[in-house]
Student: 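The structure is given below, and queries will be raised subsequently.
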Amino acid sequence: ASMTGFIKDDKGEGLPGANVVAVHVPSGTQYGTSTQVSGRFLIPGMRIGGPYKVTISFVGYKEQVQEGIYL
């Protein structure tokens, strides 16, 4: 499975270089990447199922966490 998404700033523009970490909660397996210039990211080769906890961080911004994501 894979996870893809778009990280944007408070103006709705893509946020390049943001850190994205996805943790498969049952196993503790971590996957990570950084966003591209457009703000898009792709994490390939992930475990099917979930739940996943996804944390997005970027200097100068409050860390964002999404939980209960299934692939």
Side-chain angles (χ1 to χ4, degrees):
S2 63
M3 181 180 291
T4 185
F6 177 69
I7 308 301
K8 57 187 176 181
D9 63 16
D10 52 359
K11 296 176 186 173
E13 298 176 8
L15 191 61
N19 226 9
V20 182
V21 177
V23 178
H24 183 254
V25 176
S27 68
T29 305
Q30 292 188 16
Y31 305 88
T33 193
S34 294
T35 56
Q36 301 169 348
V37 173
S38 64
R40 298 203 175 278
F41 72 90
L42 170 67
I43 306 174
M46 299 175 73
R47 289 174 172 251
I48 293 173
Y52 278 89
K53 177 181 176 182
V54 180
T55 304
I56 297 113
S57 59
F58 190 78
V59 175
Y61 286 82
K62 182 181 174 188
E63 187 174 89
Q64 298 292 312
V65 178
Q66 296 289 320
E67 297 187 65
I69 297 171
Y70 288 82
L71 305 179

Student: Can you see which heavy atom on Ala22 is nearest to which on Ile43, and at what distance?
Tutor: CB-CD1, 4.4 Å
Student: Sequence neighbours excluded and cut-off under 3.5 Å, please list the side-chain donor-acceptor pairs for residues 49-56, or say none.
Tutor:
from: Tyr52; atom 1: OH; to: Arg47; atom 2: N; distance (Å): 3.1
from: Tyr52; atom 1: OH; to: Arg47; atom 2: O; distance (Å): 2.7

Student: Measuring from atom OG1 of Thr33 to atom CE of Met3, what distance do you get when rounded to the nearest 0.5 angstrom?
Tutor: 11.5 Å
Student: Could you list the donor-acceptor pairs under 3.5 angstrom formed by side chains in residues 6-20, with sequence neighbours left out?
Tutor:
from: Asp9; atom 1: OD1; to: Lys11; atom 2: N; distance (Å): 2.9
from: Asp9; atom 1: OD1; to: Gly12; atom 2: N; distance (Å): 3.1
from: Asp9; atom 1: OD1; to: Glu13; atom 2: N; distance (Å): 2.9

Student: If you measure from CG on Leu71 to CD1 on Ile48, what distance do you get to the nearest 0.5 Å?
Tutor: 8.5 Å
Student: Are Phe41 and Val21 connected into the same hydrophobic cluster when the rule is that any two of I, L, V, M, F, W, Y join if their side-chain heavy atoms are below 4.5 Å apart?
Tutor: no
Student: From Gln64 CD over to Ser57 OG, what is the distance, rounded to the nearest 0.5 angstrom?
Tutor: 10.5 Å
Student: Under the ring-ring contact (aromatic ring centres under 6.0 Å, His included) rule, collect the residues that match up with Tyr31, sequence neighbours excluded.
Tutor: none
Student: Looking at Ser2 and Pro44, what are the two nearest heavy atoms and their distance?
Tutor: CB-CA, 3.8 Å
